[in-house]
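Here's the structure we're looking at; comments come further down.
Reminder, nothing fancy here: chain letters follow the sequence lines and each chain counts from 1. Since we're looking at a predicted model, the values are computed, not measured.
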Amino acid sequence: MIRTRFAPSPTGSVHIGNMRAAIFNWLYARHTGGEFLLRVEDTDRERSTREAIDTLLKAMDWLGLSADEKPLYQSTRMEAHLAAAEELLASGHAYKEDKGGLGQGDCVLFKMPEKDMVFEDEIKGKLKKKAADTQDFVIVRSDGTPVFHLANVLDDIEQGITHVIRGDDHIENTYRHIALYKALGAAVPKFAHLPMIINAQGKPYSKRDGDAFVGDFKEKGFLDETLFNYLALLGWSPGDDREVMTRDEMIAAFDLSSCKSSPAQVDLRKLQWMNGEYIRAMKPEAFAEIAEGEVSDLGKNLALCGLLQSRVKLPSEIGPAADFFFNDDYEYNAKAVKKKLLKDGVFQTLEKIAERFQTLGNFDEPTVDKALHDFVEENGVGFGAVMPPVRIAVSGQQSGPDLAPVLAILGKEKVLSRIAKTIQKFG
RNA sequence: GGCCCCAUCGUUCAGCGGUUAGGACUCCAGGUUUUCAUCCUGGCAACACGGGUUCGAUUCCCGUUGGGGUCACCA
């Protein structure tokens, strides 16, 4: 049984690089029918607040990274860690020493083996380290608290982890950890080191780059499916040309051997494109819910939501696009007015089309559409002479969704009053 | 600096000795559309460099260059 894990230390926000590691662990466990576990490395009391842990849990929940067991909190394991250190001391794998410096008194050091080390990384292949290039390291501080390396390895043993999938900034640590496993008499898990996510400068993605945290993306309106899909594709591909994939498809296709070992950069434009894809694929009701969140009462207007759904990449674009439906004091786009409205004959056309609309009993889309077409035909003018002015009159904008449905949704009264208002204002 | 990792279009992912080096995003052009978005068609654009190995290298090996990681009583 394959068991993977995500072992973050809660700091109050979840870095997307970390979340990507979590996704890969989750995907691998699901692909192999194994189990995915969570371990909260909350030994830093300063930062590991209840709030920070909640943020972490929420982020995982949002992305659907379900764990198969209750999370293990590292802070509950201190006794076990210290006991293991005693064993290591007793078996001669560790020794005490006063390293001086900041510390007070002795700390416990782990003795690295004299032999050269080599292991087969599931992604990078054979990785080697000469004994001369390794150093003994502290496993218990002089204040009696265990250090990351010890705690991490012991907890992985405790949780029965078979595959450690983590960022390749851990490669150097892995030699230490393998030595620790062996000294502890435990089975050494497989390791897979993921390439880093970098910024445009080629440096590791950090908060300075903005949008470094899962919360940033959620706030901006990226869907959980989008972020999951996009992050999964950073350093991995199914081997064919598929990009927008369902979770099940990703699970089926995922494998560590098809992960890349070179770093990747986040492309916000592609992320937005993908979000647009997911938005367009949504059920209308689901989109309506999002729309309702942006503009109250908008969600109730399914027809309007339908017009908006194919045009939006981020929910934040909904408000501006829908504004003129709700607001009679919409702004007139100056360029549009100058270009399409302030021309000979335009206002007469507007008056005539308004008269035509006036005669309409019904004002649903087919009727309005027919009226528009009939008008064009009867007057021997082009659509270009009619549609743009009408659009600007009712919305202030030069472009927008299909005109007929827009007019139908606005309703006869508003259309007529807005045309009248426009003529009065500019005519 | 020592040790380690990495290197295909601007970005991302294919290619795993013989290809017109492919897909996606972006951008550009055209089509559809009253407009915009969607959609369709087409286009621009890459194997970092130098040596080998081989009949043949983007692909294998070595080196150079460039980028990154790591060298804590942080995790």
Under the salt bridge (charged side-chain N to carboxylate O under 4.0 Å, His left out) test, residues paired with A:R30 that sit two or more places apart: A:D68
May I ask you to verify if any side-chain N or O of A:K203 is less than 4.0 angstrom from the OP1 or OP2 atom of B:rG68? yes
Any carboxylate oxygen within less than 4.0 angstrom of a Lys/Arg side-chain nitrogen, looking at A:D133 and A:K130? no
Residue pair A:E378, A:R356: steps toward the salt bridge (charged side-chain N to carboxylate O under 4.0 Å, His left out) verdict: CA-CA 11 Å; A:E378 287 164 24; A:R356 167 67 63 109; 2.3 Å; yes
Can you build the contact string for nucleotides 10-16 of chain B? Use B for base contact, S for sugar-phosphate-only contact, and - for no protein heavy atom under 4.0 Å. BBSSS--
Qualifying residues under salt bridge (charged side-chain N to carboxylate O under 4.0 Å, His left out), relative to A:D143, sequence neighbours excluded: none
All heavy atoms of A:S142 vs all of A:C107, minimum pair found to be N-CB, 3.6 Å
Can you tell me the base-pairing partner of B:rC39? Count Watson-Crick or G-U wobble geometry only, both distances below 3.5 Å, and say none if there is no partner. B:rG31
Under a 3.5 Å limit on both distances, the Watson-Crick or wobble mate of B:rG2 is B:rU70
Below 4.0 angstrom, N of the basic side chain to O of the carboxylate: do A:D116 and A:K129 qualify? no
Is there a donor-acceptor contact under 3.5 Å from the side chain of A:N275 to the main chain of A:G221? yes
So if I take residues 74-85 of chain A and measure heavy-atom distances to RNA chain B, which residues fall below 4.0 Å? none
Should B:rA7 form a Watson-Crick or G-U wobble pair with both distances under 3.5 Å, which nucleotide is its partner? B:rU65
Here the distance between atom C1' of B:rU35 and atom CZ of A:F324, to the nearest Å, is 12 Å
Name the closest nucleotide to the A:I171 side chain, picking from B:rA75, B:rC4, B:rC3. B:rC4
Rounded to the Å, how far apart are A:E172 CD and B:rA72 P? 11 Å
May I ask you to decide whether A:K124 forms a salt bridge with A:D168, counting only side-chain N to carboxylate O separations under 4.0 Å? yes
Residue pairs passing the salt bridge (Lys or Arg N to Asp or Glu O under 4.0 Å) test where at least one lies in residues 246-273 of chain A, sequence neighbours excluded: A:E243-A:K270, A:D267-A:R269
Show the nearest heavy-atom pair for residues A:T134 and A:P113, with the distance to one decimal. OG1-O, 4.5 Å
Whether A:K99 and A:D106 form a salt bridge (side-chain N of Lys/Arg under 4.0 Å from carboxylate O of Asp/Glu) is what I want to check. no
Rounded to whole Å, please give me the gap between CG in A:L194 and C1' in B:rC5. 13 Å
Looking for any heavy atom pair under 4.0 Å, which part of the strands does A:P204 touch: base, sugar-phosphate only, or nothing? sugar-phosphate
Would you indicate what A:H193 reaches in the nucleic acid, counting non-hydrogen atoms under 4.0 angstrom: base, sugar-phosphate, or nothing? nothing
Using a heavy-atom distance cut-off of less than 4.0 Å, which residues of residues 281-289 of chain A contact RNA chain B? none
Is a donor on one side and an acceptor on the other found under 3.5 Å between the side chain of A:T367 and the backbone of A:F363? no
Please measure how far the C1' atom in B:rA37 lies from the corresponding atom in B:rG18, and state the result in whole Å. 45 Å
Provide the distance between the two C1' atoms, one in B:rU53 and one in B:rG66, to the nearest whole Å. 26 Å
Give me, pair by pair, the N or O atoms of the protein and of nucleotides 37-40 of chain B that are less than 3.5 Å apart, along with how far apart they are.
| residue | atom | partner | partner atom | Å |
| --- | --- | --- | --- | --- |
| B:rA37 | O2' | A:S310 | O | 3.1 |
| B:rU38 | O3' | A:R280 | NH1 | 3.4 |

Got a list of protein N/O to nucleotides 58-66 of chain B N/O distances below 3.5 Å?
none

Could you tell me the separation between the NZ atom of A:K335 and the C1' atom of B:rU35, rounded to a whole number of Å? 16 Å
If the test is ring pair (Phe, Tyr, Trp, His ring centres under 6.0 Å), which one of A:F137, A:F191, A:F119 qualifies with A:Y175? A:F119
Tell me, please, which residues at least two apart from A:K370 pass side chain to side chain contact (heavy atoms under 4.5 Å, CB included). A:D374
Now, which nucleotide makes the Watson-Crick or G-U wobble pair with B:rC16, with each of the two distances under 3.5 Å? none
Against the side chain of A:R391, the closest entry in B:rU35, B:rA75, B:rC73 is B:rU35
Tell me the interatomic distance from A:R242, atom CZ, to B:rA24, atom C1', rounded to whole angstroms. 14 Å
Salt-bridge present (A:D54, A:R50; N to O < 4.0 Å): yes
Taking the P atom of each, how far is B:rU34 from B:rG10, in whole Å? 39 Å
To the nearest Å, give me how far apart CE (A:M196) and P (B:rC5) are. 15 Å
Verify, without hydrogens or angle tests, whether A:H31 (side chain) and A:I251 (backbone) share a donor-acceptor contact under 3.5 angstrom. yes
Grab the N/O contacts between the protein and nucleotides 28-31 of chain B below 3.5 Å, and write none if there aren't any.
none

Compare side-chain N and O positions of A:K99 against OP1 and OP2 of B:rC73 and report whether any pair is under 4.0 Å apart. yes
Using the ring centroid of each side chain, check whether A:Y332 and A:F426 are separated by less than 6.0 Å. yes
Quiz question: going by heavy-atom distance under 3.5 Å, is there a donor-acceptor pair between the base of B:rC6 and the side chain of A:S261? no
With a non-hydrogen cut-off below 4.0 angstrom, is A:F383 in contact with a base, only sugar-phosphate, or nothing? sugar-phosphate
So, for A:A151 and A:H81, which heavy atoms are closest and what is the spacing to 0.1 Å? CB-CE1, 3.5 Å
Would you mind writing out the side-chain donor-acceptor pairs for residues 394-410 of chain A within the sub-3.5 Å range, not counting sequence neighbours?
| residue | atom | partner | partner atom | Å |
| --- | --- | --- | --- | --- |
| A:S395 | OG | A:R391 | O | 2.7 |
| A:S395 | OG | A:Q397 | N | 3.0 |

Centre-to-centre under 6.0 Å for A:W26 and A:F6, is that the case here? no
Is the shortest distance from a Lys or Arg side-chain nitrogen in A:K190 or A:D121 to a carboxylate oxygen in the other one below 4.0 Å? no
Spacing of A:I139 atom CD1 relative to B:rC73 atom P, expressed in whole Å: 13 Å
Kindly give the atom pairs (protein nitrogen or oxygen, nucleotide nitrogen or oxygen) under 3.5 Å for nucleotides 43-48 of chain B.
none

Distance check needed: B:rC71 C1' versus A:D168 CG, whole Å only. 16 Å
Answer yes if the ring centres of A:H177 and A:F148 are under 6.0 angstrom apart, and no otherwise. yes
Lys/Arg N to Asp/Glu carboxylate O, A:E79 vs A:R77, below 4.0 Å: no
